[in-house]
Amino acid sequence: MGEHSALIDRLGRALAPELPLLARDGGFIAPGFALHLDDLLTLRDESRRLIAAMQARYADLSGVGGLKIRHNNVLGYYIEVTPTHADKLMSGKAAETFIHRQTLASAVRFSTVELGELERKISEAADKALAVELTLFDELVGDVTARSAGIGEAARALALLDVATSLAELAEERRYCRPVVDDSLEFDIRGGRHPVVEAALTASDGSRFVANDCALPPDDRLWLLTGPNMAGKSTFLRQNALIAVMAQIGSYVPANHCRIGMVDRLFSRVGAADDLARGRSTFMVEMVETAAILNQAGPRALVILDEIGRGTATFDGLSIAWACVEHLHEATRCRALFATHYHELTALAAKLARLSCHTMRIKEWQGEVVFLHEVAAGSADRSYGIHVAKLAGLPEAVIARAEQVLEILEKGDHGVSVSRLADDLPLFSVALRRKEPEAAAPTGPSAVELALREINPDDLTPKAALEELYRLRGMLGPER
Ligand SMILES: Nc1ncnc2c1ncn2[C@@H]1O[C@H](COP(=O)(O)OP(=O)(O)OP(=O)(O)O)[C@@H](O)[C@H]1O
Ligand SMILES: [Mg+2]
């Protein structure tokens with residue numbers, strides 16, 4: 001850190017508590033730091049008092065009580081009286097003192113030699129004060145730059161300390177563990193968590209992040225991860241990449257146990273983005289990034305690939321994803337996590353020895369999907385995309401139609417079923433649904449639900465209960 005107390009002390013004494021944005025505005029040297037500067041500033045700041053005294057004296061001298069000394073940018077300081085009193089300043093003894101400057105309809109203006117003198121002193125004092133401040137500024141800058149190497153070192157030391165103590169604090173607060181990083185090709189995380197999602201969950205509703213293991217030993221170094229939308233695939237991929245980064249920067253990691261054979265490069269392909277200005281569409285960006293990974297990753301790399309091949313026709317995408325998995329397994333031979341909705345890819349597990357299938361566990365309960373966020377061996381057979389679309393608020397008519405379409409597609413031969421779908425455009429059923437109020441996106445509890453909430457069954461007599469039932473049924477309207 002070095003020894004900087006002399007400089008800190010000098011700067012502390014020199015600088016005013018409130019500093020201007022620009023040095024040229026002045027006013028940044030603290031009072032008491034430079035006495036000659038203080039004198040000049042007193043003169044400048046006392047101008048008000050001096051001018052007020054002069055005004056009183058001139059009022060006396062001229063016998064005009066309403067005499068004022070004012071200032072504007074054109075005339076500088078001037079003496080002003082109303083036209084009715086102007087004569088008093090232009091005749092007799094007063095005429096020797098007051099020099100006429102300007103006559104306006106509402107005022108006559110004068111100056112005096114003495115006022116001119118004071119004005120010059122005031123502005124000179126301000127100029128001088130600023131010049132003194134700027135000289136002091138240069139000296140202070142010189143003091144600081146003379147020690148710049150030491151200050152830079154102190155800043156670096158502080159930064160290092162800041163990172164180390166912050167990571168230590170996190171490790172302590174969030175129960176991180178000390179990772180082992182060695183020369184093996186292991187990747188063994190137990191009870192791993194995503195540091196950011198975990199913190200966000202705790203902060204938002206106190207719900208618990210589900211910890212997951214990830215073991216990529218040399219004979220099982222490629223994981224194919226399937227599972228419904230919203231189940232936690234992307235989170236799992238990223239948490240493992242983050243744990244690798246954290247372990248290798250010397251931090252503790254959000255896991256119960258962590259052993260990582262040094263990763264020489266970390267590659268990730270996630271999300272969708274385009275770069276239109278540089279001539280790259282969404283799919284092109286995805287492919288450029290995938291190409292970089294397949295061309296550059298070596299056996300020590302860690303690769304996470306999140307949904308390759310989504311931005312093109314289904315079969316093109318599936319074929320590309322298929323070939324990428326094979327290439328990662330056969331040629332790159334690195335540790336990799338590959339998340340996908342192409343469930344067909346799980347067939348590769350039979351053929352590729354070092355590939356295994358994993359899935360995000362869910363439970364189906366009363367027609368709903370419950371996400372458990374647990375990674376388990378095996379593969380998913382459905383993505384429950386329509387379920388997630390419903391959660392997201394797609395219109396009910398669209399959801400219902402999507403369910404129909406899915407059923408037809410899943411039943412039959414792809415080409416035939418699509419042409420059948422097109423023959424059977426559901427224009428009228430959509431229009432009909434739209435008219436029904438129930439088909440509108442749910443915007444909150446219905447009137448019937450609200451009425452139900454008001455009822456306290458324990459307080460009702462059997463007769464009142466029956467009446468309530470009729471009333472509620474009435475709220476639903478006539479039968480269709
Ligand atoms: N292990 C976990 N514990 C608790 N919540 C989790 C966990 N993993 C994910 N989540 C929650 O689930 C949400 C969705 O996760 P994520 O985006 O990883 O799903 P996904 O399987 O990649 O879905 P998609 O297929 O739609 O991309 C996250 O935003 C997070 O709030
Ligand atoms: Mg995802």
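When a ligand or atom number is given, it counts from 1 through the structure's own listing order.
Ligand 1 has a nitrogen or oxygen under 3.5 angstrom from a nitrogen or oxygen of V210. Checked against a 3.5 angstrom limit, the closest N/O atoms of F209 and ligand 1 fall outside it.
Partners of R269 according to the salt bridge (charged side-chain N to carboxylate O under 4.0 Å, His left out) rule, which considers only residues two or more places apart in sequence or in another chain, are E289. Evaluation of the ring-ring contact (aromatic ring centres under 6.0 Å, His included) rule for F267 yields no partner, not counting sequence neighbours. When the side chain to side chain donor-acceptor pair (under 3.5 Å) test is applied to E364, the partners found at least two apart in sequence or on another chain are Y384.
The heavy atom nearest to atom 20 (P) of ligand 1, considering only R208, H194, K233, is found in K233. By heavy-atom distance, the residue among N212, T235, V197 lying nearest atom 18 (O) of ligand 1 is T235.
Residue L201 touches ligand 1 through its side chain alone, judged by heavy-atom distances below 4.0 Å. In R193, neither the side chain nor the backbone holds a heavy atom less than 4.0 Å from any atom of ligand 1.
Shown here, atom 26 (O) of ligand 1 is in close reach of the protein: a heavy atom of it lies under 4.0 Å off.
Nearest heavy atoms, G26 versus P20: O-CG, 3.4 Å. Shortest non-hydrogen contact noted between F338 and A321 is CZ-O, 4.0 Å.
Only protein atoms were considered; those of element N, O or S under 2.8 Å from the Mg ion (ligand 2) number 1.
Salt bridge status for R10 with D143: present, with a side-chain N to carboxylate O gap under 4.0 Å. The existence of a salt bridge linking D306 and K233 is excluded, since no basic side-chain nitrogen approaches an acidic carboxylate oxygen closer than 4.0 Å.
In this pair, H194 and F209 present their aromatic rings tilted. The plane angle is within the 30 to 60° band.
At a cut-off of 3.5 Å, with distance as the only test, no side-chain donor of E169 or S166 sits close to an acceptor on the other residue.
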